[in-house]
A.B. asks: 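One structure follows; several queries about it will come next.
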Amino acid sequence: MKKFIYLLAFSFAFVNYSCTTLANLFGGAGVCNCTCAACVNCTGKHHVLTEEQKAALEAQQLKQAQEDAKRQAELDSLLNMDYTIVHYDLPEVKNDPYKWDDDEEITTPKDSLLALFNVNSKNGELEFIHKGINTNEKENDCYIYFTTDKDGVPSPLRLVVHYYADDPINFYMLKFTLGRFPYEFTPTKINRSNDGKFYTENFDNALDVNSRDIVAGLAQCKYANILLVSKDVSHRLYLTDKQIERFRNTYKLYRKLGGTL
């Protein structure tokens, strides 16, 4: 009986060894296709993938290869960048406030400037107002204009401010910020009225030598705002690029025609 048990045990061991050996020899690249119970604990076999699993594995490997290639390209890009220090020539920052220059030469042709203006006869004079300006008192705006006498000599520039809203502010002074420089102007007369729930506050003042730096600043600055100063709540007007361009063109034509303050 003992001999029979020994013989049976030896037979099972032989089968287990033969399956593994045969699989290694004939299963192909170490893949075991054996399904017998003796191969359950076989350490040399590999899982046989289905076609669907193979496709998923290949897709995953392709994605990983693409990500690796992308990271490598980014690394190569960083390594190939030019890290040489570049010196930039920045425009000179204006340190002095804007000033009226009596000797300033306007190079823009007069005809090209005149084409930008409405010229109307008024009380024996010619009135020059930029075409982009809406002179309606209900249009919030700030602008300059001028007139010339019968001999073509410009009168002093005039500054106009229109404020129209459903709340009055009762402003009494203007604080200009032209570029980064402050200027102040106090109107001599401000007209105030109301139309129902809307309020109108405006003035039209002739400028003089005390105001000419403001005009020069409006003509030369790149950005500007005007604070309508009130004892209660002040109101700020931010000038657009088009508004500043109108100031600049009016100033140029005024100087081109011989105007001065």
Side-chain angles (χ1 to χ4, degrees), residues 88-133 135 141-162 173-189 202-229 236-261:
Y88 294 95
D89 294 326
L90 300 177
E92 183 179 354
V93 176
K94 183 175 177 57
N95 295 317
D96 299 321
Y98 298 103
K99 296 287 186 180
W100 180 285
D101 182 5
D102 285 325
D103 299 323
E104 181 179 359
E105 182 181 355
I106 306 300
T107 58
T108 307
K110 183 173 70 174
D111 290 342
S112 64
L113 290 171
L114 283 171
L116 302 174
F117 287 80
N118 290 319
V119 183
N120 301 306
S121 179
K122 188 175 182 179
N123 300 325
E125 298 179 328
L126 292 179
E127 184 181 70
F128 294 78
I129 298 182
H130 196 285
K131 291 179 179 179
I133 294 172
T135 59
D141 204 353
C142 176
Y143 61 92
I144 54 176
Y145 76 99
F146 65 93
T147 61
T148 59
D149 61 20
K150 61 181 181 180
D151 297 322
V153 178
S155 301
L157 276 168
R158 303 190 69 87
L159 175 64
V160 178
V161 168
H162 288 164
M173 183 177 69
L174 276 63
K175 288 188 176 181
F176 292 83
T177 301
L178 309 180
R180 58 190 183 91
F181 303 108
Y183 300 84
E184 292 185 358
F185 178 79
T186 302
T188 56
K189 181 182 179 181
N202 57 64
F203 68 83
D204 182 343
N205 279 187
L207 301 178
D208 56 24
V209 65
N210 297 316
S211 309
R212 64 181 190 169
D213 289 344
I214 296 176
V215 177
L218 287 167
Q220 298 176 43
C221 70
K222 301 298 183 183
Y223 58 91
N225 67 75
I226 305 170
L227 183 67
L228 306 182
V229 181
R236 192 178 301 275
L237 301 174
Y238 291 93
L239 301 185
T240 65
D241 292 341
K242 289 184 178 180
Q243 286 176 304
I244 293 175
E245 186 67 19
R246 292 196 287 266
F247 276 110
R248 185 173 296 116
N249 290 329
T250 304
Y251 170 83
K252 286 182 178 181
L253 181 60
Y254 182 73
R255 297 298 303 270
K256 196 74 174 181
L257 296 178
T260 188
L261 292 175

A.B. asks: Run Tyr98 and Phe181 through ring pair (Phe, Tyr, Trp, His ring centres under 6.0 Å) and show every step you take.
C.D. replies: CA-CA 8 Å; Tyr98 298 103; Phe181 303 108; 5.7 Å; yes
A.B. asks: If you round to the nearest 0.5 Å, how far is CD1 of Ile226 from OH of Tyr238?
C.D. replies: 12.0 Å
A.B. asks: Give a yes or no on whether the backbone of Ser155 and the side-chain of Tyr254 come within a donor-acceptor separation of less than 3.5 Å.
C.D. replies: yes
A.B. asks: Hey, mind stepping through Val209 and Trp100 against side-chain contact (heavy atoms from CB on, under 4.5 Å) and telling me if it holds?
C.D. replies: CA-CA 9 Å; Val209 65; Trp100 180 285; over 6 Å; no
A.B. asks: Just wondering, are more than 12 heavy atoms of other shown residues or ligands nearer than 6.0 Å to CG in Asp241?
C.D. replies: no
A.B. asks: Around atom NZ of Lys131, are there more than 12 heavy atoms of other residues, nucleotides or ligands at under 6.0 Å?
C.D. replies: yes
A.B. asks: Look only at the side chain of Asn205 and the backbone of Thr188, and say whether a donor-acceptor pair between them is shorter than 3.5 Å.
C.D. replies: yes
A.B. asks: Looking at CG of Leu157 and OG1 of Thr260, how far apart are the two atoms once the value is rounded to the nearest 0.5 Å?
C.D. replies: 9.5 Å
A.B. asks: Quick one: are Pro187 and Leu174 in side-chain contact, heavy atoms under 4.5 Å?
C.D. replies: yes
A.B. asks: In Å, rounded to the nearest 0.5 Å, how long is the span from CG of Asn249 to CG of Leu113?
C.D. replies: 6.0 Å
A.B. asks: Which residue in the set Ile214, Leu207, Val215 passes side-chain contact (heavy atoms from CB on, under 4.5 Å) when paired with Leu159?
C.D. replies: Leu207
A.B. asks: Which word best sums up how the rings of Phe117 and His130 line up, parallel for under 30°, tilted for 30 to 60°, or perpendicular for over 60°?
C.D. replies: perpendicular
A.B. asks: Looking only at heavy atoms, which two atoms of Ala206 and Arg158 are closest? And how far apart?
C.D. replies: CB-NH1, 3.5 Å
A.B. asks: Assess the residue pair Leu218 and Ile244 against the criterion (side-chain contact (heavy atoms from CB on, under 4.5 Å)); give the C-alpha distance rounded to whole Å, side-chain angles, the decisive distance to 0.1 Å, and a yes or no.
C.D. replies: CA-CA 7 Å; Leu218 287 167; Ile244 293 175; over 6 Å; no
A.B. asks: Apply the test side-chain contact (heavy atoms from CB on, under 4.5 Å) to residues Tyr145 and Thr135: give CA-CA distance (whole Å), side-chain angles for both, the deciding distance (0.1 Å), then the verdict.
C.D. replies: CA-CA 11 Å; Tyr145 76 99; Thr135 59; over 6 Å; no
A.B. asks: For the atom pair CG (Leu227) and CE (Met173), what is the distance rounded to the nearest 0.5 Å?
C.D. replies: 8.0 Å
A.B. asks: Where is the tightest heavy-atom contact between Val229 and Lys175, given as atom of each residue plus distance?
C.D. replies: CG2-CG, 3.7 Å
A.B. asks: How long is the span from the CD1 atom in Ile129 to the NZ atom in Lys122, to the nearest 0.5 Å?
C.D. replies: 7.0 Å
A.B. asks: Provide the closest heavy-atom pair for Gln243 versus Cys142 in the form atom of the first, atom of the second, distance.
C.D. replies: NE2-N, 4.4 Å
A.B. asks: Does Lys242 pair with Glu245 as a salt bridge, N-O distance under 4.0 Å?
C.D. replies: no
A.B. asks: Just verifying a value: how many Å separate Thr250 OG1 and Phe128 CZ, rounded to the nearest 0.5 Å?
C.D. replies: 11.0 Å
A.B. asks: Please confirm whether the backbone N or O of Asp101 pairs with a side-chain atom of Arg212, one donor and one acceptor, at under 3.5 Å?
C.D. replies: no
A.B. asks: Would you say Lys110's side chain and Lys256's backbone share a donor-acceptor pair under 3.5 angstrom?
C.D. replies: no
A.B. asks: Shortest non-hydrogen contact from Leu126 to Ser121?
C.D. replies: CD2-CA, 4.1 Å
A.B. asks: Taking all heavy atoms of Pro154 and all of Thr148, pick out the closest pair and write down the distance.
C.D. replies: CA-CG2, 3.7 Å
A.B. asks: For the side chain of Asn202 and the backbone of Val161, is there at least one donor-acceptor N/O pair under 3.5 Å apart?
C.D. replies: no
A.B. asks: Output all residues satisfying side-chain hydrogen bond (donor to acceptor under 3.5 Å, both in side chains) with Tyr143, sequence neighbours left out; order by chain, then residue number.
C.D. replies: none
A.B. asks: Taking all heavy atoms of Asp149 and all of Glu125, pick out the closest pair and write down the distance.
C.D. replies: CA-CG, 4.4 Å
A.B. asks: Verify side-chain contact (heavy atoms from CB on, under 4.5 Å) between Phe247 and Leu178, making sure each step is shown before the conclusion.
C.D. replies: CA-CA 12 Å; Phe247 276 110; Leu178 309 180; over 6 Å; no
A.B. asks: Does CG belonging to Asp151 count more than 12 external heavy atoms closer than 6.0 Å?
C.D. replies: yes
